[in-house]
Peer 1: 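Dropping a structure here in structure tokens format, bear with me for questions.
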Number of protein chains: 2
Amino acid sequence: MSRTLFTLFDRKQLAPMQHAPSGPPGPTPSAGTGPRGTTPRERARGAMIDDVITVARRQLGEVGAAGLSVRSVTRELGISPSAVYRYFASRDHILTALLVEGYSRLGAAVTDADDALPPDRVTTRWHRVWHSTRDWAVANPHEYALLYGTPVIGYAAPPETVEPATRVVVRLAEILFHAARRGLLTERLDLSDPAPTAGLRADAEALMATIRELGVAVPDDLDPADPLRVVNAWSELFGAISFELFGHYVRSITRHAEHLDTLAAASARQVGLPEQD
Amino acid sequence: MSRTLFTLFDRKQLAPMQHAPSGPPGPTPSAGTGPRGTTPRERARGAMIDDVITVARRQLGEVGAAGLSVRSVTRELGISPSAVYRYFASRDHILTALLVEGYSRLGAAVTDADDALPPDRVTTRWHRVWHSTRDWAVANPHEYALLYGTPVIGYAAPPETVEPATRVVVRLAEILFHAARRGLLTERLDLSDPAPTAGLRADAEALMATIRELGVAVPDDLDPADPLRVVNAWSELFGAISFELFGHYVRSITRHAEHLDTLAAASARQVGLPEQD
DNA sequence: TCCATTCTGTGAACAGTGTTCTCTGTTGCG
DNA sequence: CGCAACAGAGAACACTGTTCACAGAATGGA
């Protein structure tokens, strides 16, 4: 019960591929919404996969992940329940696809909102990331719950989820790094001394390496605690949104947008962003 | 889709009481683990309710809320599946009981840990609340997920959940108020200016009234932003724990205890607790 | 003590679920 | 054209939560 909490089901292979039992497990052309295949069959297959996901996402928005029924999806699509198993190995694989899509949609909403601002207005950008994240969550509560609520996927989150899942925090890091590069940062309120322990500094370094791998330009003279500050802002943001959506603010906070504003301002100050820009 | 998100099912009456169809809906003596009734029947009924909850909680710890099956519970108890409906109107009512019990158990773990410390060691107490909360969550991940993950209960959280659910944040407030009363607070790092908006100040006042109703002694000269600071610490704490348990720290934080320590220290500084005590 | 009332538990049944398997066409490629 | 790969249908299995009619037991008042 230590590492793999929430492992309800064992992992499975992804695609059924009935009459192609073993073969080289190479590139499975069945799943994913990747480059639409050229042959008519591959195009039809891709279209079917898209249809399933589209309908499933609509129903997810209405009944939530727990209430999502593959039979209901197939009814709406006018196909038999078993047909969907040509495209998804299980209900969990459909949910996984929705998970990946959800992370992408949230990430797109946030980066689009941020991209509409001048890059140097770092504090405004910081606030906009916070608010656009919340706006998306409020507009898509069930989808948000799928991403940041109780994990419902048995097997460990598949690799294709990790990149989309990091988009919001990476954008926060980008804003901070951009501000550092432009010399816009003020003195940080030193909430984080005593300095991070050796272990945490190691975490921060590994995190920086990951961020670099994602193609983000990292300043050389970065405060080693800055990645941790970004991560803390990130979890603070999602902690507040989850509390709002999951009902834990019921007897306390009612002005959620204003409240998030003060949180964003405080975290901006903690990472050293200027008051105004 | 605005107020009652996640309302999957309609609300229902709580107790079945088959042959007592209407009658005065007065005090329903069936549910709850309240004062064990004196008559043999009431005692047997209470024991049965306790047995169901005990077994359900054990299975919850193994398979999680989504995997909890009333048939499986009845199998383990050696009764027929329909028998449990004499005691709980639905599966959701069992989960509600587990919810209330979970809040109580978490609250007890935290307050017990805090009570073992001298009251004036406010900073140490603050840290202990943070860590004992996390310790309980790590030890009871599925139960934690039931409390703070995606809501699974259809109807709005019943009234009996709100008091137990507030115990951790109320304890945080008590520590801060105690420190204020003893003159132990330092200058706050003023992260929260500009001062809270009128709306948020109204939220803070209502929150104070609620806290007073719970019997907590509130100093008269309290900084009006202090309740908001406590709430922010609260959501920061649970945001970090949820991120850890739900797997969002996978590629960043690995030293979770150390990380929570820095978060607790920073939040202690934000609310004005002394460095050492 | 007897009896009607109330409660408790059972077993069958219903509607629904995810998933598998067998079978029948259809499609595409060599 | 013919054969292999695929796509879909439909029945079936093993579950699930819940309801209902029924039988037995405890209870409390006459």
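So you know, we letter chains A, B, ... as the sequences are listed, proteins then strands, and number each from 1. It should be emphasised that the depicted structure is a prediction, and the values quoted were computed from it without experimental measurement.
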Peer 1: Nearest whole Å is fine: how far is D:dA9 P from A:L77 CG?
Peer 2: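 After rounding, the reported distance stands at 11 Å.
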Peer 1: May I ask you to decide if the ring planes of A:Y144 and A:F238 are parallel, tilted or perpendicular, using 30° and 60° as cut-offs?
Peer 2: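 Rings of A:Y144 and A:F238: parallel, under 30°.
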Peer 1: Has B:Y87 got a side-chain N or O lying under 4.0 Å from the OP1 or OP2 atom of C:dG9?
Peer 2: yes
Peer 1: Atom CZ of A:R75 and atom C1' of D:dG10: how far apart are they, to the nearest Å?
Peer 2: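 Rounded to the whole Å, the gap is 15 Å.
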Peer 1: What is the distance from CZ of B:F88 to P of C:dG9, rounded to the nearest Å?
Peer 2: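 From B:F88 CZ to C:dG9 P: 13 Å.
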Peer 1: Let me confirm one number: the CD-CG distance from B:E101 to B:L146, rounded to the nearest 0.5 Å.
Peer 2: 10.5 Å
Peer 1: Counting only side-chain N and O atoms of B:R45, is one of them less than 4.0 Å from OP1 or OP2 of C:dG9?
Peer 2: no
Peer 1: List the steps, then state whether side chain to side chain contact (heavy atoms under 4.5 Å, CB included) holds for A:V84 with A:M48.
Peer 2: CA-CA 9 Å; A:V84 83; A:M48 189 75 216; over 6 Å; no
Peer 1: Detail all sub-3.5 Å separations between protein N/O atoms and N/O atoms belonging to nucleotides 25-30 of chain D.
Peer 2:
residue, atom, partner, partner atom, Å
D:dA26, N3, B:R41, NH2, 3.0

Peer 1: Please report the closest heavy-atom contact between A:P141 and A:L245, naming both atoms and the distance.
Peer 2: CA-CD1, 4.3 Å
Peer 1: Below the 4.0 Å mark, does C:dG16 have OP1 or OP2 next to a side-chain nitrogen or oxygen of A:S69?
Peer 2: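 Indeed not, no polar side-chain atom of A:S69 lies that close.
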Peer 1: How long is the line joining CD1 of B:I49 and C1' of C:dC7, in whole Å?
Peer 2: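 After rounding, the gap between these two atoms is 13 Å.
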Peer 1: Can you check the A:L95 CG to C:dG18 P distance for me, whole Å?
Peer 2: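 Rounded to whole Å, this separation is 10 Å.
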Peer 1: Would A:S242 and B:Y148 count as having a side-chain donor-acceptor pair, cut-off 3.5 Å?
Peer 2: no
Peer 1: Tell me, please, which residues at least two apart from B:H259 pass side-chain hydrogen bond (donor to acceptor under 3.5 Å, both in side chains).
Peer 2: A:N232
Peer 1: Identify all pairs in which a protein N or O lies below 3.5 Å from an N or O of nucleotides 10-14 of chain C, and state each distance.
Peer 2:
residue, atom, partner, partner atom, Å
C:dT10, OP2, B:S80, N, 2.6
C:dT10, OP2, B:S80, OG, 3.1
C:dG11, O6, B:S82, OG, 2.6

Peer 1: In whole Å, I'd like the distance from the CD atom of A:E42 to the P atom of C:dT27.
Peer 2: 17 Å
Peer 1: Expressed in angstrom and rounded to an integer, what is the separation of B:M48 atom CE from C:dT8 atom P?
Peer 2: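 Between P of C:dT8 and CE of B:M48: 10 Å.
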Peer 1: Round to a whole Å and report the spacing from CG of A:L68 to C1' of C:dT19.
Peer 2: 15 Å
Peer 1: Would you give the length of the straight line joining atom CZ of B:R43 to atom CG of B:D50, rounded to the nearest 0.5 angstrom?
Peer 2: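 That separation rounds to 12.5 Å.
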Peer 1: Determine whether the side chains of B:H93 and B:S90 contain a donor N or O and an acceptor N or O closer than 3.5 Å.
Peer 2: yes
Peer 1: Determine the minimum heavy-atom distance between A:T210 and B:R251, stating which atoms define it.
Peer 2: OG1-O, 4.3 Å
